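Each remark here refers to the structure printed beneath this line.
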There are 2 protein chains.
Amino acid sequence: MITNKNCVIRLSRYKNALYRLQSLGFVRVFSDNLADAIGVLPSQVRKDFSLFGITGNKRGGYNIDSLIEKLNTILGKDQLQKVVIVGTGNIGSALMKYKGFEKEGISIAACFDIDPAKINRQAKIPVLPLEELKDFARANQIKIGVIATPDVAAQSALEMMLSAGIKGVLNFAPLRLRAPAEEIVINNVNLELELENVIYFVNALDKTRAA
Amino acid sequence: MITNKNCVIRLSRYKNALYRLQSLGFVRVFSDNLADAIGVLPSQVRKDFSLFGITGNKRGGYNIDSLIEKLNTILGKDQLQKVVIVGTGNIGSALMKYKGFEKEGISIAACFDIDPAKINRQAKIPVLPLEELKDFARANQIKIGVIATPDVAAQSALEMMLSAGIKGVLNFAPLRLRAPAEEIVINNVNLELELENVIYFVNALDKTRAA
DNA sequence: TGGATATTGTGAAATGAGGAACATTATGAT
DNA sequence: ATCATAATGTTCCTCATTTCACAATATCCA
Ligand SMILES: NC(=O)c1ccc[n+]([C@@H]2O[C@H](COP(=O)([O-])OP(=O)(O)OC[C@H]3O[C@@H](n4cnc5c(N)ncnc54)[C@H](O)[C@@H]3O)[C@@H](O)[C@H]2O)c1
Ligand SMILES: NC(=O)c1ccc[n+]([C@@H]2O[C@H](COP(=O)([O-])OP(=O)(O)OC[C@H]3O[C@@H](n4cnc5c(N)ncnc54)[C@H](O)[C@@H]3O)[C@@H](O)[C@H]2O)c1
């Protein structure tokens with residue numbers, strides 16, 4: 001199994017580039033084109049495909065339609081992916097309102113919160129009390145969850161997800177969640193860290209230039 | 001100059017862990033403790049510090065207060081960092097409303113949008129017309145910007161930022177921005193990709209287990 | 001005070017990802 | 001039909017980052 005996250009992220013980028021090419025009427029694509037599109041070298045593209053057993057035609061490149069299909073299968077996008085969000089605050093509702101997920105085959109099935117004021121069963125994406133997470137996730141076979149609670153609530157949210165059978169989590173809370181790695185995949189997005197990182201490099205470049 | 005992004009991100013994580021330890025009343029810390037806290041090996045911690053010229057005491061570990069101070073200086077947090085946000089939609093306003101930046105020394109000075117309905121000069125964090133970005137950023141010496149516009153508007157937002165003297169950008173739009181690397185630092189956050197990545201690993205683990 | 005020990009700091013080794021190179025082969029032209 | 005050529009697929013190499021290992025040394029305790 002491939003464990004290199006960057007490699008998988010590149011697959012997603014190839015896929016996005018391929019959709020653009022497809023919509024422009026292209027039928028075939030070469031490793032050079034994809035490399036340009038996502039900013040890597042052609043050999044990287046071929047190596048990535050090779051790793052996942054994707055082959056093209058020597059001198060003929062890759063057929064865009066079948067390449068998209070293969071990538072989608074690898075990325076698990078051949079079936080609708082249902083997601084739940086725990087924590088319907090700033091980030092949670094930003095995700096909930098985002099239109100872009102639908103066309104990517106990602107469907108937000110429901111949100112959960114402990115704040116009674118947030119509950120709304122009638123909304124297109126319902127906001128339900130946290131207690132209902134387990135039953136809902138099991139009933140709807142949800143495999144993927146998003147944690148968008150305050151940091152102090154994140155670990156307990158994770159544990160509820162674990163017991164609800166959720167297998168993958170995107171976590172926005174700025175702390176390291178503890179869980180058995182064999183049981184659940186955790187991807188962290190820490191926006192403060194990302195900003196801090198930009199700040200560091202801006203300052204560091206400044207200092208370098210000054211010296 | 002250190003160009004390793006992961007290394008800088010670890011510095012931020014050490015810093016966060018140190019604040020927690022400090023608030024618990026600890027005075028000294030060992031590389032083991034920090035390693036546990038952020039999930040790396042102790043030798044990694046020592047090497048990271050060594051790279052940035054941070055030294056501790058053999059057998060005595062590191063003094064938490066002075067370590068925090070050194071990390072903050074390295075990370076550019078010894079001075080308030082003013083940030084502007086372009087695009088005041090779902091993500092932009094989630095960031096705007098987030099309380100956590102303030103205590104990290106990050107201040108959102110203003111937001112910008114092309115939608116007249118979004119403009120609000122009276123708010124604590126004002127939302128201004130996009131045309132005012134350049135003057136505002138120059139007048140307030142803003143170095144850091146966030147792009148939270150739709151993808152089609154992101155490149156032009158970046159170019160406005162460039163001409164406004166902004167040196168670092170956190171970009172949420174799912175595309176590759178073009179800019180001279182020596183003039184501006186760009187950090188991309190692509191939430192769709194992050195979710196897709198979780199989905200991939202969940203499926204991949206499933207298949208591995210099945211086989 | 002002195003010896004035992006825990007912990008740092010760093011040079012060396014291992015790992016792993018990315019890039020270069022090239023042999024292979026499908027395509028198209030003559 | 002044959003040849004020239006363009007593009008793949010894979011091997012090998014390079015480089016960066018991580019991990020190991022240990023000598024150096026500050027601290028603690030007897
Ligand atoms: N908003 C941002 O821009 C931003 C930036 C950086 C980090 N973050 C992190 O993202 C997370 C979410 O941030 P936010 O700004 O959306 O927070 P928020 O306070 O706006 O929303 C949190 C939501 O979680 C709910 N909640 C609290 N405890 C809960 C629990 N135990 N179970 C379920 N729901 C619970 C609250 O009722 C609230 O609706 C936080 O951990 C924050 O540190 C956010
Ligand atoms: N919201 C999410 O959860 C989410 C998830 C994945 C990716 N993204 C990406 O993040 C970006 C922002 O997403 P969003 O959901 O906040 O979008 P949004 O549509 O809610 O907000 C975009 C805002 O940008 C403003 N805008 C449009 N053109 C502009 C311009 N030229 N200059 C300044 N402002 C302009 C709009 O008026 C609007 O207020 C998008 O690129 C989106 O693809 C968002």
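Note on naming: letters A, B, ... go to the chains in the order of the sequence lines (proteins, then strands), and numbering restarts at 1 for each one. If you're wondering where the values come from, they're calculated on a predicted model, not measured in any experiment. Only heavy atoms go into these numbers, but all of them, side chains included; no hydrogens, no water, no symmetry mates.
Using a 4.0 Å cutoff on non-hydrogen atoms, no part of residues 1-24 of chain B comes near DNA chain C. Of the residues in residues 66-75 of chain B, none has a non-hydrogen atom less than 4.0 angstrom from any atom of DNA chain C.
For the side-chain contact (heavy atoms from CB on, under 4.5 Å) with A:Glu194, the qualifying choice from B:Asn171, B:Asn188, B:Val189 is B:Val189, the only one to do so.
By the 4.5 Å heavy-atom criterion applied to side chains, A:Phe30 and A:Pro42 are not counted as neighbours. Contact of the B:Asn33 side chain with the B:Tyr62 side chain is not registered, since no non-hydrogen atoms from C-beta on lie closer than 4.5 Å. Counting heavy atoms from C-beta outward, B:Asn140 and B:Val84 have side chains that stay 4.5 Å or more apart. Inter-residue side-chain proximity for A:Gln81 and B:Leu195 is flagged as unmet; no heavy-atom pair is nearer than 4.5 Å. Using a 4.5 Å heavy-atom cutoff, the side chains of A:Leu158 and A:Ile186 are in contact. Between B:Ile74 and B:Val8 there is no side-chain heavy-atom pair separated by less than 4.5 Å. Side-chain contact between B:Leu205 and A:Lys167 is absent, with no heavy atoms from C-beta onward closer than 4.5 Å. No side-chain heavy atom of B:Ile106 sits under 4.5 Å from any side-chain heavy atom of B:Tyr98.
Applying the 6.0 Å contact sphere to CD of B:Glu159 captures more than 12 heavy atoms from other residues, nucleotides or ligands. Other residues, nucleotides and ligands contribute more than 12 heavy atoms inside 6.0 Å of the CD atom of A:Gln79. For NZ of A:Lys124, the number of neighbouring non-hydrogen atoms (other residues, nucleotides, ligands) closer than 6.0 Å is 12 at most.
Judged as a side-chain hydrogen bond (donor to acceptor under 3.5 Å, both in side chains), and not counting sequence neighbours, the contacts of A:Ser31 are A:Arg46.
Note: CG (A:Asp48) to C1' (D:dG9) measures 13 Å, nearest angstrom. We find that CZ of A:Phe49 is positioned 16 Å from P of D:dA7, with the value rounded to whole Å. Summarising the geometry, the separation between CD1 on A:Ile54 and C1' on D:dT10 is reported as 16 Å, rounded to the nearest angstrom.
Taking 4.0 angstrom as the limit, B:Gln44 places none of its side-chain polar atoms (N or O) nearer than this to OP1 or OP2 of D:dT17.
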*Between protein and nucleotides 20-30 of chain D, map the contacts as a letter string: B base, S sugar-phosphate only, - none, heavy atoms under 4.0 Å, written 5' to 3'.*
BB--BBBBS--

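On the nucleic acid side, DNA chain C contacts chain B at distances under 4.0 Å to non-hydrogen atoms, with the end points of that region at C:dA4 to C:dA12.
Remark: side-chain polar atoms of A:Arg13 are not paired, donor with acceptor, to backbone N or O of A:Leu34 under 3.5 angstrom. At least one donor-acceptor pair under 3.5 Å links the side chain of B:Arg138 to the backbone N or O of B:Ser163.
In the helix from C:dT1-D:dA30 to C:dT30-D:dA1, the end axes, each obtained as the rotation axis mapping the C1' atoms of four pairs onto the next four within a five-pair block, lie 10° apart to the nearest 10 degrees.
Among the heavy atoms of the strands lying under 4.0 Å from B:Tyr62 are primed sugar atoms or P, OP1, OP2 only; no base atom is included.
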